Amino acid sequence: MSATRDRVSTPFQKFQKLHREALMTWSFECREESVFGGQGPREVVLSEHYLPLEAVEEHREGVGDSVCLQDAVTTAFSHEQDHPRVMLIVGAAGAGKTTALQKLLANWAQGTCLQPFFLLPLSCWKLNSLQGALSLVQLLLQQHSHLSPESLAVILQSPETLLFVLDGLDQYRHQLEAPAQAVCSSPEEPVPVAVLLASLAQGLLLNGASLLVSSRETAHLEPLCEVQDLCVELQGFSRERRRAFTQLLLPQEDAGRVWEHMEETLGFHSLCRQPGFCWTVCSVYRAALETGMHLPRTLTQVFVSATVSQVKHGGLEETQARALLSGLGRLASHSLLYSTSVFSRRELIACGLQPFLSSPILSAFLRIEGDPALDGGVLSFLSPALLEFLLAVSVFLGAFGSGGVRDTLETQEGELLVLFLAGLASPLQRQLLEGAVGEFSSACTQDFDTWLKTTSQEALQSYSKEQHLRCFRLLHQRSDEQLLRAAIGPSARLGLGYGDLSDHDAAALSYAVTCCGELEQLNLYASNSLSEETVLRLGPALRRAGRIILSQSSLSADAYAHLATGMCSGRALELDLSYSRLLGEQGAERLCAGLRASGLQSLRLPSCGLTAVSCTHLVSLLSAESSQLHLLDLSGNDLEDQGVTHLSTGLKSPHCHLQELRLRRCKLTGVCTEVLSVVLCSGRSELKCLELSNNSVSDEGMSRLSTTLRSPSCALQRLLVSACDLSESCCAGLAAALSSDACRLQELDLSINELEDGGVLHLCDALKAQRCPLEALRLSRCELGEESFVALATVLGCGSSRLRELDLGVNIVRDRGAKHLWNAMRDGRCSLEHLDLDMLGLTDGCLEDLSAAVRACGSLKRLILKNNELTDAAVPALVAMAQESRAMQELNLQYNDFSEDVFELMDTCGKIRY
């Protein structure tokens, strides 16, 4: 395509200089500087105040990464493209679309971008005032008076060189007609402007021309949906660009402090990213600094301050100001009810705004094209946020009567509208505005507070995260601690998962927690891409939560540092970051460095992408003088033996008080037991629980641990080594340890190891000894036969055993093997409380012996018979057995061969799970 354009560029070279010079000052719309409207797009570009905007590319094949808008446009219309392109820029009001396009025109005029094209901008807002039929030639001559009919004729001869820039398609008040109904194919053919634009968009007019179109909503882009190549969603300012923008508009000595205040308090980053809103906020902050007033702390206060400044600047008396805001509120209500954003003179008069049609005060709140006092003029609100604020104000001014609050809440939708109602219901936040427009209706404000309290109580008793967060946002905007505490009450369910919080939600949640004083649990489960900014806003909540859950979340490295900082000055005893795979080395370093001064007692980091290097950071946490850590779970990380070697340095520290260390599935071998044995025998270790399950510990490693258990210095009470490649060979040494006077082991999990009957026989010899401390033994899936069950039955009935829990699941011995256990349980000396016989192949044939055993055993509280072969016929006896047993608390019968016919019978016994 570049070669084609080179050949056809010569005919219009003589027009380019004139056109470039004109576009340097050509504006999509004439906009005066105002608090709500901001600087005019042309003024921003010419004053070199323009800051690049972020966008997200959405191709036909999917969503791309965040990019600079100017780069996205330049790439889309690059030399390499060999066909006409249609690119859509979608963004909220105030996101900077018009200013960005103005900057693009200036860059083209200066020769720095899109040089193969001849740019022809059109403002859809200006097109609203055009009447009747026009040809494309007539339209372009109207919009670009510096072009002559002769020059335009030459330019239009080469459509492939043309790039039409259509700004604000959503602001065009007419629906684009489908080309099938009305078609225009000639630049000289007069047709309605709607037909002209639709034909141009579909390529029926000037086939080969490219289009760059901006709009607030995608609904207005339907005629382009089938032909567009790329859709770019404009995000606005990044955090650093917001900071730069603040430095541009505020005194250097105040910019940093004001920026931090804005970032930490407002929380409305969907708005704060928009240049238009940033202008409003900075204007309000600048005025507050100049007058010595407090900086606003809520969104409502920002809009109140801006509105009062506009009313005072317009010189309105109280009665006039009240009439103006009431009329604008009625216009806003009309806009929302009828889904229209563009208004005529007639609609303004119907809303009571006739006295202001010739007043410049209207331009402080409305965008105006033409003369509003004449029928040809068109108007719209400067932003949707301003529209909703003015509607909220008019409700409390009584513009809709005594039932205005309820009617508005029932008929109007809009998150900001309800937020503004909440803020304006606060006497403190509306005080400044009442000084300019008179007092609000007390009946309306009281009516809203009653609604807010009732709605919040209902919302916070539900299990809906969305309802909770909406309630917090409203209460935050209302900023009345007494009302918040009354609304939350003792029945609120504040332990819900509040994952994926926006900055706004984080600020609101922190406010609610701060007012309550403390929170038992802050559950942020599955928070994706939790940013530094969001964690900063959660600071108050982090400091007041007793337990913090961030499992399956992803945080940035800086966010981990702020998380730790918040916890250091708080009361949290537990932090759960399970399956937060992005923690990694950098996150672990910042987290551990920050947590050294905390009072944390439990830290869960399973499957967090940690390695041996990560353990060096954990050492600093374990050995910190103020360390209170009792539980550390590192399961599912590739620590390997070297990682345990690093950890041992911290475990041997005199300041380490760790009692539970979980290393399940960490790619360890028996080598790690050498280091652990040294730690356990050092006399300084307080470790009482060690989990090494799902590692290749092997018999050799288990032998080392067995020797360690016999040391008087070893405090270990729980040893979990399931699935550790153990065999019968390790059991003799383990039995010797259990028989020793020094052993303190109370729980031993040997499940999923090939111990077989020989290994269990060794263990049973030790279990019968009076000095054996073991109370819980798990032997699930250990390849056991009937001989093992005979030996274990002997242990249960010997009278000297301390066993209270026994897990023998997934050892297929059927009724014959289990019968030995039933016999032992009928012995009055059996003190078993928990028995797990999952998947033993039990049938209805064992029922008589089982029932007799349970009735005779006065200690059994929990019996698990899952995954066996029990049928409907056994249910009456099982129900009777459970009901008659005083000790029995749970009988688990899940996954047996039951039909729905017996479910009702099992429901009669609350102890049964099925």
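Just so you know, these numbers come straight off a predicted model, no measurement behind them.
- A donor and an acceptor atom, one from each side chain of S123 and D167, are nowhere located under 3.5 Å apart.
- Judged purely by atom type and a 3.5 angstrom limit, D71 has no side-chain atom pairing as donor or acceptor with the backbone of C68.
- Contact of the F164 side chain with the L119 side chain is not registered, since no non-hydrogen atoms from C-beta on lie closer than 4.5 Å.
- Considering only heavy atoms from C-beta on, L122 comes within 4.5 Å of L140 through its side chain.
- Put simply, the side chain of S199 gets close to the backbone of C184: a donor and an acceptor are under 3.5 Å apart.
- Judged by distance alone, with hydrogens and angles left aside, the side-chain atoms of T246 form a donor-acceptor pair with the main-chain N or O of R242 at under 3.5 Å.
- Ion pairing between E54 and R241 fails under the 4.0 Å rule for side-chain N and carboxylate O.
- Taking 4.5 Å as the limit, every side-chain heavy atom of M87 sits out of range of all side-chain heavy atoms of L211.
- Here the shortest heavy-atom pairing between L353 and L328 reads CD2-N, 3.8 Å.
- Between F36 and F365, the ring-plane angle classifies as tilted under the 30° and 60° cut-offs.
- A donor-acceptor pair shorter than 3.5 Å can be found between the side chains of S333 and Q412.
- Residues R330 and F400 have side chains in contact (heavy-atom distance under 4.5 Å, counting atoms from C-beta outward).
- Between S283 and T280, the side chains place no donor N or O within less than 3.5 Å of an acceptor N or O (distance only, hydrogens not considered).
- The closest donor-acceptor contact from the side chain of S151 to the backbone of S148 lies under 3.5 Å.
- Looking at every heavy atom in both residues, W279 comes nearest to F245 through N-CE2, 3.6 Å.
- Separation of atoms CZ (F343) and OH (Y338) is listed at 12.5 Å; rounding is to 0.5 Å.
- L325 is listed as a side-chain neighbour of L433, based on a closest heavy-atom distance under 4.5 Å.
- With a 4.5 Å cut-off on side-chain heavy atoms, L163 and L120 do not count as touching.
- Scanning both residues, P275 and A95, for their nearest heavy atoms gives CD-O, 3.2 Å.
- Between L357 and L362, the closest heavy-atom pair is CA-CD1, 4.0 Å.
- Ring planes of H144 and H146: perpendicular class, angle over 60° (limits at 30 and 60°).
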_Between L69 and L234, is the side-chain contact (heavy atoms from CB on, under 4.5 Å) condition met? List the steps._
CA-CA 7 Å; L69 177 63; L234 195 58; 3.6 Å; yes
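- Two residues are said to be in side-chain contact when any heavy atoms from C-beta on lie closer than 4.5 Å; W259 and L250 fail this criterion.
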In a table with atom names and distances, give each donor-acceptor pair under 3.5 Å that connects a side chain of residues 375-387 to protein atoms at least two apart or in another chain.
from : atom 1 : to   : atom 2 : distance (Å)
D375 : OD1    : R345 : NH1    : 3.3
S380 : OG     : Q171 : OE1    : 3.2
S383 : OG     : L386 : N      : 3.0

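- In this structure a side-chain-to-backbone donor-acceptor pair under 3.5 Å is present from T74 to Q70.
- Across every non-hydrogen atom of D254 and L289, the tightest pair is CB-CD1, 3.7 Å.
- Rounding to the nearest 0.5 angstrom, the gap separating the CD atom in E48 from the CG atom in L248 is 11.0 Å.
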Working for side-chain contact (heavy atoms from CB on, under 4.5 Å), residues V232 and V56 = CA-CA 6 Å; V232 175; V56 174; over 6 Å; no
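- To the nearest 0.5 angstrom, I155 atom CD1 is 8.0 Å from T161 atom OG1.
- Rounded to the nearest 0.5 angstrom, Q115 CD and Q110 CD are separated by 10.5 Å.
- With rounding to the nearest 0.5 angstrom, the OG1 atom of T98 is 16.0 Å from the NZ atom of K103.
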Quiz item: Should Q142 and L134 be marked as a side-chain contact (heavy atoms from CB on, under 4.5 Å) after you check the CA-CA gap, both sets of side-chain angles, and the distance that decides it?
Solution: CA-CA 10 Å; Q142 279 192 13; L134 287 173; 3.9 Å; yes
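- Side chain of Q138 to backbone of S135: a donor-acceptor contact under 3.5 angstrom is found.
- Side chains of R273 and L53 form no contact here, defined as non-hydrogen atoms less than 4.5 Å apart.
- The two residues M24 and A106 have their closest heavy-atom pair at SD-O, 3.8 Å.
- In this structure, K126 satisfies the cation-pi test against W26, with its NZ or CZ atom closer than 6.0 Å to the six-membered ring centre and inside 45 degrees of the ring normal.
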Show the numbers, then the answer: is there a side-chain contact (heavy atoms from CB on, under 4.5 Å) between V311 and V308?
CA-CA 5 Å; V311 168; V308 171; 5.7 Å; no
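- Listed for the Q301 side chain is no donor-acceptor partner under 3.5 Å among the backbone atoms of P296.
- A donor-acceptor contact closer than 3.5 angstrom links the side chains of S186 and E188.
- A distance of 10.5 Å separates CD in Q274 from CD in Q235, rounded to the nearest 0.5 Å.
- Taking the six-membered ring for Trp and the full ring otherwise, W108 and H19 have centroids separated by under 6.0 Å.
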